[in-house]
Amino acid sequence: PNRSRSGAHRRPASIGASSSASADLPLRKIPGDYGLPFLGPLCDRLAYFYFEGRDQFFRSRIRRYGSTVFRVNVPPGPFVAPDPRVVALLDAASFPVLFDTSLIEKRDLFTGTFMPSTELTGGFRVLPYLDPAEPNHAQLKRLLFFLLGSRRHAVVAEFRRSFGSLFEAMETEIAREGKADFSAANDRAAFDFLVRCFFGTDPAGSRLDLDGPGLINKWVLFQLGPLLKLGLPPYLEDFLLHSFRLPPALVRADYDRLTDFFRESAGPFLDEAKRFGVSREEALHNVLFATCFNAFSGMKVLFPSLIKWIGRAGARLHGRIAEEVRSAVRGTGTGEVTVRAVEAAMPLTRSVVYEALRVEPPMPLQYGRAKRDMMVASHDGRFEVRAGEVLFGYQPFATRDPRVFERAEEFVADRFVGADGEALLRHVLWSNGPETEGPTAENKQCAGKDFVVTVARLLVVELFLRYDSFEIEVGASPLGSLVKLTSLKRATF
Ligand code: HEM
């Protein structure tokens, strides 16, 4: 009923596949239905989390409808989300429509069909929830570009300091206990690194001391809980976590501790906010969100994933990366790691990072609302979408699309090496845009795109400067994988 029909009489814009080819594709009605109110969304939610699991949930419907575009309810549904109905886009041809800001509105869709209370973000709708048409989107994004740019010189040294300590601690823990929890140590190293790198201050010894990661994890749970699986008994978990919002009051004291810390640590940066047209208070909550939600939680998911895929690939790949990394670092003349060496002289390392981001995109769910009536094309057909409908992309099905990638489900370490590899980069979409494009004040691509790729490569570099090879054990966790290191073989060459 709230779906606007304003562009109905206009000829729908066509998008997807390669647009010249898409005109020849058959026009199809979007298959699938939403079922009965309340019951439909509830059944879909239980299937998504428990009866089928996320990948199977989408795979079984692709088979049932013979289509990678269909209608479905996505979690959380009642009573958290007012309207769980979406059009799912599950292939590499249709997914990129979500990046087209002329066709898609991104307002309040960062976490999907519901938005967490702004009480969790100081009363502000922070940047990821803003559509580029809102005036403070560009101001805030430029402010973050300024932060990242002005601290670029600190990245390598601070990274090596935090993650060097992490690996030393891992060695001690393995010697003592036979294995070491990388995921837990990564939380602490990531937070230390981000704060030192962005603000030049140290959480240890401050009033926050070592509590940062714990406070953030709880605060993120209050925002993303309706989308997560913690591993409680299914019906209990579904009732507690997916049916209602956790009351923000229960995390207010923790958030206040984080804000106090950022108010102090980020002082000099907050002084600059006015130049960008942003109030100190709005800048504070936004820089906190970018650091703790976007950056910290992103690294929390990406780094264990990267270690997992490289770990599983085995010792032969490890040897090849170690050789590449060490000879590139020797090649700098000083033996120091430099961003230049990492960018220019490590094609395999570069490819391995892109491949991990392709095979397991850390933020897998993207949403957008059709601004007007339009056509969306998959590989096989064209579909008419109405203004106001929500489009939903489950990114792994776009970046593991067998029509684009050979051995799409496999981790192929050198997939992106060489000219053919380079040509595939436009299908790597982890940053909410093609890897061949960059974030701007006008689009919704991840503001930290280059930073993320750099730090992910630095993790590989640090690992293989120190070790010839390593072994792992992998378990599940609500956000990302739980990775334990079971051995680290010291560098012998
Ligand atoms: C947006 C992923 C790290 C800042 C996004 C989006 C994705 C993403 C998928 C788009 C969300 C959407 O609108 O649907 C990631 C991942 C990261 C990461 C996987 C780490 C592994 C960072 C870092 C920063 C950052 C380090 C900055 C310090 C942002 C901001 C936006 C954003 C500000 C909103 C952009 C806008 O509204 O135009 N990120 N991100 N992210 N990211 Fe990242």
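Predicted model, so just to flag it, every value in this text is computed and none were measured. Read the numbers this way: they start at 1 and go in the same order the structure lists the ligands and their atoms.
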Is it the case that the side chains of [Y] and [X] hold a donor-acceptor pair, with the cut-off being a distance below 3.5 Å and no angle test?
| X | Y | result |
| --- | --- | --- |
| Thr349 | Glu324 | yes |
| His379 | Asp401 | yes |
| Trp309 | Glu355 | no |
| Lys141 | Asn136 | no |

Those atoms of ligand 1 less than 4.0 Å from some heavy atom in [X]:
| X | result |
| --- | --- |
| His137 | 36 (C), 37 (O), 38 (O) |
| Asn443 | 38 (O) |
| Pro362 | 19 (C) |
| Leu144 | 33 (C) |
| Leu302 | 21 (C) |

Quiz item: Can you name the one residue among Arg71, Arg372, Arg85, Lys371 that meets salt bridge (Lys or Arg N to Asp or Glu O under 4.0 Å) with Glu389?
Solution: Arg71
Among all protein non-hydrogen atoms, which one is nearest to [atom], and what is the separation to 0.1 Å?
| atom | value |
| --- | --- |
| atom 12 (C) of ligand 1 | Lys106 NZ, 3.6 Å |
| atom 16 (C) of ligand 1 | Trp430 CZ3, 3.6 Å |
| atom 37 (O) of ligand 1 | Lys444 NZ, 2.6 Å |

Exercise. Output yes when the distance from some N or O of ligand 1 to some N or O of Lys141 is under 3.5 Å, and no in every other case.
Key: yes
Quiz item: Looking at ligand 1, does any of its N/O atoms fall within less than 3.5 Å of an N/O of Gln366?
Solution: no
Quiz item: CZ of Arg275: more than 12 outside heavy atoms within 6.0 angstrom?
Solution: yes
Practice problem: Could you list the residues that satisfy side chain to side chain donor-acceptor pair (under 3.5 Å) with Thr291, not counting sequence neighbours? | Solution: none
Quiz item: Which of these, Phe392, Tyr129, Tyr394, Phe95, sits in a ring pair (Phe, Tyr, Trp, His ring centres under 6.0 Å) with Tyr367?
Solution: Phe392
Quiz prompt | Part of Leu109 within contact of ligand 1 (heavy atoms, under 4.0 Å) | solution = neither
Quiz item: Is it the side chain (CB and beyond), the backbone, both or neither of Leu127 that lies under 4.0 Å from ligand 1, heavy atoms counted?
Solution: both
Quiz prompt | Distance below 2.8 Å from atom 43 (Fe) of ligand 1: protein N/O/S atoms | solution = Cys446 SG
Exercise. Give the minimum heavy-atom separation between Pro75 and Tyr48, together with the two atoms involved.
Key: CG-CD2, 3.3 Å
Quiz item: Phe163 and side chain to side chain contact (heavy atoms under 4.5 Å, CB included): which partner among Asn186, Leu458, Val455, Asp192?
Solution: Asn186
For residues 447-454, run the donor-acceptor check on the side chains, cut-off 3.5 Å, and write out each pair with its distance to 0.1 Å, sequence neighbours left out.
residue : atom : partner : partner atom : Å
Lys449  : NZ   : Glu435  : O            : 3.0
Lys449  : NZ   : Glu437  : O            : 2.9
Thr454  : OG1  : Asp450  : O            : 2.9

Tell me which donor-acceptor pairs under 3.5 Å the side chains of residues 110-119 have, and how far apart each pair is, sequence neighbours excluded?
residue : atom : partner : partner atom : Å
Thr111  : OG1  : Phe114  : O            : 2.8
Ser117  : OG   : Glu119  : N            : 2.9
Glu119  : OE1  : Arg252  : NH2          : 2.6

Quiz item: Are any of the side-chain nitrogens in Asp131 or Lys106 under 4.0 Å away from the carboxylate oxygens of its partner?
Solution: no
Exercise. Could you pull out, from Phe296, Phe451, Tyr367, Phe198, the option with a heavy atom nearest to atom 28 (C) of ligand 1?
Key: Phe198
Quiz item: Does Gln395 reach ligand 1, in the sense of a heavy atom lying below 4.0 Å from it?
Solution: no
Self-check item: contact_flag Leu357 ligand 1 heavy-atom lt 4.0 Å
Solution: no
